[in-house]
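Letters go in sequence order (proteins before strands), and every chain restarts at 1. Computed from heavy atoms alone, side chains included, the values below leave out hydrogens, waters and symmetry copies.
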Amino acid sequence: MSLSPVEGLALAEIESDPDAGTPAAKGVVGRSPGQLAWLRLRRDRTAVVSGVLLVFFMVLGLAAPLIEMAYGIGPREQFQNLLDGFGMPLGYAGGVTGDHWFGLEPNLGRDIFIRLIYGLRTSLFIAFAAALITATIGVVLGALAGYLGGWLDAVINWITDLTLAMPFLIIALALTPTVTLRFYGERGQVSSAFGVGVLIAVFAVFGWTSTARLVRGQVIALREREFVEAARASGVGLGHMLFRQLLPNIWAPILVSFSLAVPQFITSEAALSFIGVGLSDETPSFGRMIYDSLDFLQTDPAYVFFPGIMIFALVFAFNLFGDALRDALDPKSSR
Amino acid sequence: MTDEPLLRVRGLTKHFPVRQGLRATGLVRAVDGLDFDVRPGETLGLVGESGCGKTTTGRMLVRLLEPTSGSIEFDGRDITHAGRRELRPLRQELQIIFQDPYASLNPRHTVGRIVAMPLQVNGIKPPGGIKARVQELLELVGLNPEHYNRYPHEFSGGQRQRIGIARALALRPKLIVADEPVSALDVSIQAQVVNLLRNLQRELGLAFVFIAHDLAVIRHFSQRVAVMYLGRIVEIGDRADIYERPQHPYTRALLSAIPDVTQLGPAGRIRLTGDVPTPLDPPSGCRFRTRCWKAQDICAAEEPALVPRDGGRQSTACHFPEVAAPIFEEVPS
Amino acid sequence: MRPRVVAAAGGAIALVVALGACSKNTGEGTTVDTERKQTGVIATDPKDSQGPAAEVSGAVKGGTFTIIRESPISHLDPQRTYSFAGLMANPLFARYLTTWKDDGKGGLVLVGDLAETPGKNVNNDCKVWEFTVKDGVKFEDGRPITSKEIAYGIARSFDPDLSGGPTYIQEWLADTAQFDTKWDFKKNKTSLPPGLSTPDAKTLRFEFAKPRCDLPFAASLPTTAPLPADKDTGINVDKQPFSSGPYKVAKNQVGVQITLDRNPNWDPNTDPVRHQYPDQFVWSFGPTADAANNRVIADNGADQSALAFNAVPASLVAKVAGDASLKSRTLLSPTPSANQLVINNQRVTDLKVRQALNYAIDREGMIKALGGQTVAAPLTTLMPPATIGYKAYDAYPAGANGNVDKVKELLGGKTPELVLGVADNSTEQQQGAQLKANLERAGFKITVRNISDDAKLDEIKKKDNPWDLYIGNWAADWPSGASILPVLYDGRTIKAEGNSNQSYFNDPTINAEMDRIQALPPADQGPEWAKLDERIMKEHAPVVPFYVDVAYNVHGSKAGGIFISSVFGYPSFVNAHVKP
Amino acid sequence: MARFLLKRLFSATLTLFAVSVFTFLMFFALPRDPVSSICSKNCNPERLERVRDDLGLNDPLISQYAGYMKGIVTGRDLGSAQGGRCDAPCLGWSYVTNEAVSDTIARVLPVTLSIVIPAAILWLLLGVGLGMISALRRGTWLDRAAIGFSLTGASLQLYFVGAVLLMVFVYNLRLLPVPSYTSLFDNPAKWASGLVLAWVALAFLFSAIYARLSRAQMLETLSEDFVRTARAKGLAKPKVYGRHALRAAITPVVTIAGLDVGGALGGTVITETTFGIQGLGRTAVDAVRSGDLPTIMATVLIAAVFVVLANVLVDLLYAAIDPRVRLR
């Protein structure tokens, strides 16, 4: 049924819960659906493995400066004396040594390991921030459109269509320098935080549509449910209705789409680097590294391997976790 | 019972536009001009086949749906088109119980939160705190007050419906619209819930608009009964009159369809032929004429008015009302 | 189950590494000899200008020669040609008044092309020049080329619709940069621009208001290609230029492919430089530099007689240079395209700081960052080695990696804070990172500021630009000091924007010296420019000479006769042939 | 149906109009002065100004926009420097590439179509097929392999897969030529061999998503009442799965496929860059880089047209496949 061998078990357990009909038999506090999901998640070996991996990645990213101290090499330090006349690292596998665990970048001779650690930090930050913002925009717009319907729904739908019709990469390519110019003029120093901010903003502008559509659909389905009418009959306001009544019922799909959006933004950052919108060389990021490394596929495959395997592992872990999360939150769906 | 009705409904109408493209091409006449009153502490049973507009009527009474025309007066105030703010104080006196106990409780909220919601939303702080009040309500509907922190999925259908009732009672309403409150429950549990409602009515002096398609349940619970067909009331009167001396052919047909152990075989049963006509294009004149065995030309030409008969206790909308003997004896309930 | 998937995926990626070379890189065999001497003269013997060109050894007739390039050639119309690809493609179908006889090893002779000699300086004051058109030169339809068609070609270069080409001759004739308002081509199609005349069908005469000693050089640009007035289709000449050279455009699928067939009316006996070996030349556009080079390296089918016009990308350099079997299929040559770390002299006024920068520079590190000796060669002079009269020197000898002690001594304990402006393309980003590390190691404080890639050139050409340092590049249109030093270092030319003098260096004695040299006969100027070059660097250090671009191209095993033009630094096709 | 179509087309037109206005404004906000790329080495402010005049860049924005839109509908006269009369649908003249934009589009559009359409067929067949099989053979090794495939595919990126494919099949094993575009009508074999890697890379990544989606849909549908009923009625397995389940399961797949294909047709920037093929996507990127307004407008509009049309088509297909969907 699903990827998870544990999940069938968990489901069976829920169905055969002897307390279901007679709550009095057991303790006073019931298990919320969220708690049940958490339980299922904890029993899913894949979820635990991928979750631990993700936490590990996040800790690595957060601890980057500490790792730099321990490792003794900074992300901008160059070791050109370890390069040959063509700027290719000397030694085996792209210059892997005890000092340089993942070898050196060709040309500039910077240490790949420490740059990857810092890149992890940048990429995770961008992806999480973008996913949070897009989820927020998507939830608010989707819930409003779905619940209120009518002309508001039509307008939000149209904006969604419009956003989807705009070629994202092209617009990002055109807007990024424009925005930078507006903020910094032609001479100011552009901080890396700003570059990161622009990227997040670009994602925010284009990334909310799927969440909005998802939430809208879910809200429309819920709108006709009687508990919503019961709330209305009690005279609740719009905010209470959307965020207290409806949202708790759709946070599962939102959470799943969030967990699957994060890896998407990680790879999108790389895609933007590909057309030259990404971050500048000053800020180490996965996107920039993989983009720069691809040129060396034939001459220094190790340079491609390390960022490549790292970004794959990160995205793969997210996807696994997202899948497991979906299974845990919605045992009936077998996605 | 005072003479002043608690709820006074006149000409209540709900039309749903049918859209094709941007233009409305037709109207579903779901409810088409209802008149009735409900006095304090009284139960009005609203009965009819599915699709006759019962539920729409119930939703309009608590203003979940906006009436197309007509008026609803509650406790002397016109609430037909009141906004959310104006309705606020009324919400406390006018509540609804839903049909589906599985859909009517927010699955992500605890029982306590569900029952407390009307209190919190309306900013009511009962003496002793919300929790005490909620637990009191849970006890009132026969639930263990310690289930406060449990989730709906941990309860059975009957228990859930009790939660729904507790929620409706939270604001101490004067009138509760009960929209098929037991039809989704097992028969054994139906009786428990109906009895609960009856007890509550007696204890709290509640008035009910009790919507059901099950004539037996209505008979058990209502003082007065209104029979609906295709968006209109065809007959309204006291329970005894309706059940013992139905004057409208449709009421007769409905009553004869109740399986009756005393009458074996199809002898006295009136079999209605044909389907219920579409409310998109109801028949001219009397709406029941297409399925009525007594229909004459006048039925197509002229719509019968709801005329009081038998000294005003019972009103019937029919050109040829029955005056025959009761179809069966009153059975004390 | 899912962990197994991870393992499988990891395995797939490991395969990638396994497929790539995993052998140890010892750094051997990575030195490339790029030494060569430039000699340049203007032919005085008319025989030099006569055809036919010397046979290329081993060349045979026949075959199709393919040139693969990423982007299409911006203009085929000779009067609009200024891009390197256009300048290299044009000689196949267009002839000019003069042209360079290039041995591909730095030996250059300026000869007459359509003209019998590279111009006659009538009064020896460089103000009046005459060219005599050769006998037997013909267009692709067989009609003879006369001075009239050459003059018409020059005249149409005044048409603002036909922008894009060089503007030397137009500006000299009109004696103003506003040449197209001074003389309106559209209103005077039957007449000629001021100063240009055709006394007879054989003679073309230029009369300038000021001495223009570089005219023979300027006449080697495609502006002087002939065109009969009745074949002037305006902007459509770009699609179908009217040939006077050995090939003619047979089919032009704009943006995809240009097919050139032999022109039967071209007479080899009139042409001192061109050949007509292949049956066909095909320019093919679209593949990226990576793809094109990989195709040519693979050496399959039609690609055997192909050349990747885009240089071997840095990412492939190690592979190509490390493959001994490819050595015979590569072209490696320094180009006249010189790069400087330009110092904004208006902002960095302290000579000691500028000299310290010169001592600090790590040329070897920068060349590694760029991809090695096949991409760039170190340069310590203002003029590139490929300039007539060039003399090597190093005014601030600091070794290959810079001399930090010397820098500290000059700075005397100060830490100058400088702002380096770099374009946001990946090459300059790397250069920025390299320079920042390099200069900070030497004791400067460097802030790197990104400039939009497309806007960078415009921005640094503005007089009051806000950066202290930026990377500048100058490739002269002809290898004379006169087209380099006065353009880049004459302070009197500085205006509000559009400056070629991007260091904003201005010194009256140097300006005067330039005037003196420019008044000398062209043939005597070479050594004088070289002396001035050294003097500017020693006395003023307005820039840090950095490196010259190196042309590194790869061709198929059957492609022959290609060499890197000593004038432009790109592959030239006048000798190209397909080996059997 | 016709009314629905009309309504959809109206909203689509409105969307395209908004896209065009937005793109137009966006261009004028670009930091790049397009004119400086036209004016060569020794340009001066006066000449720049005249070029601007010639190109109409000094006119008010509204009249520039109106001129452009009018050109699309009725054609218009451009100056002699831009090829004179430009017939409808006139997309303008690119002063960067020196050709009519319609010629550019006519050249690069077939390239993108040649990449996307075969790839889409491949990824739909592969993805839906895999999803169906793994749903029907739930729990078997086949199912697990399919899931593994789809998770891996969903976690990889095109630039990476593409580069690896290139290295293995082109540079190391030399089984395939370096990717390039040849017209299908000139040489079908060369057309296919030049693009097959792009198809495979796209199909691999996309089919992963479709396999996941269609497997889940299929499982959901299989558990639905009407399929159980059909089975209970004694209908043969293939018939039930073929007629009932597939039909219902494919509906959401169609929705996503429409958007994906529409989006991809609008420019497969990454694919084209990875494989070094000049299609609509790279043309658009180049145009933005060089500030080539008419080409930017044309490429963005065409991309938007594809997405919007795909949306309309999906709605129609939806109705055709799933009779439960009523057209409002």
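Heavy atoms of other residues, nucleotides or ligands lying less than 6.0 angstrom from CZ of R232(A) number more than 12. More than 12 heavy atoms of other residues, nucleotides or ligands lie within 6.0 Å of CZ in R77(B), so this atom counts as buried by the packing criterion.
Contact annotation for Q120(B): neither backbone nor side-chain heavy atoms come within less than 4.5 Å of a heavy atom of chain A.
With respect to chain A, the highest number of heavy-atom pairs below 4.5 Å among I97(B), D100(B), I96(B) belongs to D100(B). For the options A170(B), A103(B), A168(B), heavy-atom pairs under 4.5 Å to chain A are most numerous at A103(B). Counting heavy-atom pairs under 4.5 Å between each of R225(A), E226(A), Q245(A) and chain B puts E226(A) at the top. Between chain A and the residues R59(B), Q99(B), R167(B), R63(B), the most heavy-atom pairs under 4.5 angstrom are made by R59(B).
The main-chain N or O of Y151(B) is found under 3.5 Å from a side-chain atom of E154(B) such that the two form a donor-acceptor pair. For E42(B) (side chain) and V209(B) (main-chain N/O), no donor-acceptor pair under 3.5 Å exists by modelled atom type.
Ring orientation note: the planes of F128(A) and F258(A) are tilted relative to one another, at an angle of 30° to 60°.
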